[in-house]
Amino acid sequence: AIQVWIGGAVMAITDNFTDTDGTLLASHGGNWSNVRGSMVINNNRVNGNVLNDDCSVRWSAETPANDQWAKVFASVLTTSAYVGVAIHMSTGGGSDYYGYYASANNRYFFKFVTNTYFDLASPAGAGASAGDELYLEINGTTITAKLNGVVDGAFSVTDTSLTSGGVGVCSWTNNTGTAGDDFSGGALVSLVLEQEGFRFRNDDGSETTATWAASQDTNYSVSPSTLKRLRMLVNATGDPAAGEYKLQYRKVGDDTWMDVQ
């Protein structure tokens with residue numbers, strides 16, 4: 001016998017920065033806009049493009065809800081340059097944002113308001129390592145930075161300076177030895193999903209004409225290698241954003257769930 005489970009996740013904004021060396025991020029895929037300075041793609045990673053200055057570029061194809069998150073992996077790091085993520089980035093021509101970036105020497109948690117830099121907390125006093133995940137979110141008025149999934153020391157504060165905007169990446173100075181990869185971001189939402197029902201179906205027609213193999217919520221046994229379809233019913237609390245789902249299975253009595261490929 002086989003047990004089946006599905007899980008849901010909100011679809012996120014993603015970019016792995018695959019492009020020709022020297023491509024400005026704002027020219028990459030038509031999905032990015034400069035907020036402060038510019039950033040550039042090299043070795044399929046993104047780094048700052050202005051010497052000794054802060055830069056930030058916003059994902060402009062979509063602006064998530066005000067409660068939002070963004071993360072990037074610091075794929076390579078030096079002690080003299082920084083890369084990271086930004087949220088509540090200006091969408092109307094300004095240069096405001098909340099930021100979190102790291103070098104091999106230090107980590108900063110900050111904001112730009114009317115083109116002026118402010119620390120949100122004292123610098124960490126220690127750097128990150130190549131491959132670390134840099135994550136930043138805002139929930140209500142609480143801004144939190146996480147390093148590899150853990151709140152980064154004192155980097156969680158309440159601030160009301162910036163109330164909306166987009167998500168993106170940020171940097172300080174133009175060193176290709178400090179660069180980020182595998183960016184993602186989106187709305188910070190809590191999905192409440194319940195797998196309410198299931199029904200097996202014969203593989204004998206289209207989505208509308210195929211016949212049912214059993215009643216709803218009825219277990220069904222077939223010989224190995226026999227094609228059958230399975231329809232799942234999921235209840236959602238409220239009106240969550242569109243999502244995609246993972247289907248897993250296991251033999252009754254086994255402890256390990258395996259993905260349906």
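Computed from a predicted structure; not experimentally measured.
- The side-chain hydrogen bond (donor to acceptor under 3.5 Å, both in side chains) check on Arg231 picks up nothing, with sequence neighbours excluded.
- A salt bridge does not link Asp181 to Arg45: none of the charged side-chain nitrogens sits closer than 4.0 Å to a carboxylate oxygen.
- With 3.5 Å as the limit, one finds a donor-acceptor pair spanning the side chains of Thr178 and Thr78.
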Quiz item: Going through the distances and angles, do Asp54 and Tyr82 end up as a side chain to side chain contact (heavy atoms under 4.5 Å, CB included)?
Solution: CA-CA 9 Å; Asp54 282 278; Tyr82 290 76; over 6 Å; no
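- Taking all atoms of both residues into account, the shortest heavy-atom contact from Arg201 to Thr211 is CG-O, 3.0 Å.
- Note that CH2 of Trp59 and OG of Ser184 are 11.0 Å apart. Values are rounded to the nearest 0.5 Å.
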Self-check item: Ser206 and Thr209: CA distance, side-chain angles, deciding distance, side chain to side chain donor-acceptor pair (under 3.5 Å) verdict
Solution: CA-CA 5 Å; Ser206 68; Thr209 63; 3.0 Å; yes
Practice problem: Assess whether side chain to side chain contact (heavy atoms under 4.5 Å, CB included) is satisfied between Asn174 and Val50, documenting all intermediate values. | Solution: CA-CA 5 Å; Asn174 59 343; Val50 180; 5.8 Å; no
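- Distance check, rounded to the nearest 0.5 Å: OG of Ser90 to CG of Leu162 gives 7.0 Å.
- In the model, Ser164 has no side-chain atom that pairs as donor or acceptor with a side-chain atom of Asn66 under 3.5 Å.
- No hydrogens or angles considered: nothing links the side chains of Ser223 and Thr226 as a donor-acceptor pair under 3.5 Å.
- A donor-acceptor contact closer than 3.5 angstrom is absent between the side chains of Glu196 and Asn235.
- Rounded to the nearest 0.5 Å, atoms OG (Ser38) and CH2 (Trp32) are 13.5 Å apart.
- Under 3.5 Å, the side chains of Asp15 and His28 contain a donor-acceptor pair of N or O atoms.
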Practice problem: Please step through side chain to side chain contact (heavy atoms under 4.5 Å, CB included) for the pair Tyr97 and Val167, ending with a clear verdict. | Solution: CA-CA 9 Å; Tyr97 58 95; Val167 298; over 6 Å; no
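- The shortest non-hydrogen separation linking Ala102 to Leu77 is O-CD2, 3.6 Å.
- Val169 is not listed as a side-chain neighbour of Ser56, based on a closest heavy-atom distance of 4.5 Å or more.
- The closest side-chain donor-acceptor pair between Asp254 and Thr256, if any, does not fall under 3.5 angstrom.
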Quiz item: Hey, mind stepping through Tyr220 and Trp212 against ring-ring contact (aromatic ring centres under 6.0 Å, His included) and telling me if it holds?
Solution: CA-CA 11 Å; Tyr220 187 67; Trp212 297 106; over 10 Å; no
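- Taken to the nearest 0.5 Å, the CG atom of Asn43 stands 5.0 Å off from the CG atom of Asp21.
- A donor-acceptor pair is defined here as one N or O able to donate and one able to accept, closer than 3.5 Å; such a pair exists between the side chain of Asp217 and the backbone of Phe198.
- With rounding to the nearest 0.5 angstrom, the CG atom of Asn202 is 3.5 Å from the NZ atom of Lys228.
- Between Arg107 and Asp152, at least one side-chain N (NZ, or NE/NH1/NH2) sits under 4.0 Å from a carboxylate O, which counts as a salt bridge.
- Phe110 and Tyr101 have their aromatic ring centers within a separation under 6.0 angstrom.
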Practice problem: Decide side chain to side chain donor-acceptor pair (under 3.5 Å) for Asp259 and Tyr249; before the verdict, give the C-alpha distance in whole Å, the side-chain angles of both, and the deciding distance to 0.1 Å. | Solution: CA-CA 7 Å; Asp259 292 350; Tyr249 72 96; over 6 Å; no
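- Between Lys111 and Asp96, no side-chain nitrogen of the basic residue sits less than 4.0 Å from a carboxylate oxygen of the acidic one, so the salt-bridge criterion is not met.
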Give the table of side-chain donor-acceptor pairs shorter than 3.5 Å for residues 116-134, with sequence neighbours excluded, one pair per line with atom names and distance.
residue: Thr116; atom: OG1; partner: Thr114; partner atom: O; Å: 3.4
residue: Tyr117; atom: OH; partner: Asp119; partner atom: OD1; Å: 2.6
residue: Asp132; atom: OD1; partner: Asn148; partner atom: ND2; Å: 3.0
residue: Asp132; atom: OD2; partner: Ser129; partner atom: N; Å: 2.8
residue: Glu133; atom: OE1; partner: Lys71; partner atom: NZ; Å: 3.4

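- Note that CH2 of Trp172 and CG of Asn175 are 10.0 Å apart. Values are rounded to the nearest 0.5 Å.
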Quiz prompt | Derivation and outcome, side chain to side chain contact (heavy atoms under 4.5 Å, CB included), residues Glu137 and Ile143 | solution = CA-CA 6 Å; Glu137 71 172 44; Ile143 304 101; over 6 Å; no
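- In this structure, a donor-acceptor pair under 3.5 Å is absent between the side chains of Ser103 and Asn105.
- For the residue pair Thr173 and Ala81, the shortest heavy atom distance occurs at CG2-CB, 3.3 Å.
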Quiz prompt | Worked check of side chain to side chain donor-acceptor pair (under 3.5 Å) between Arg36 and Asn115 | solution = CA-CA 9 Å; Arg36 179 183 173 88; Asn115 205 34; 2.5 Å; yes
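- The two residues Ala179 and Asn47 come nearest to each other via the heavy atoms CB-CB, 4.1 Å.
- Between Tyr100 and Phe109, the angle of the ring planes goes over 60°, which puts this pair in the perpendicular group of the 30/60° scheme.
- Across all non-hydrogen atoms, the minimal contact from Thr144 to Ser156 is OG1-OG, 2.9 Å.
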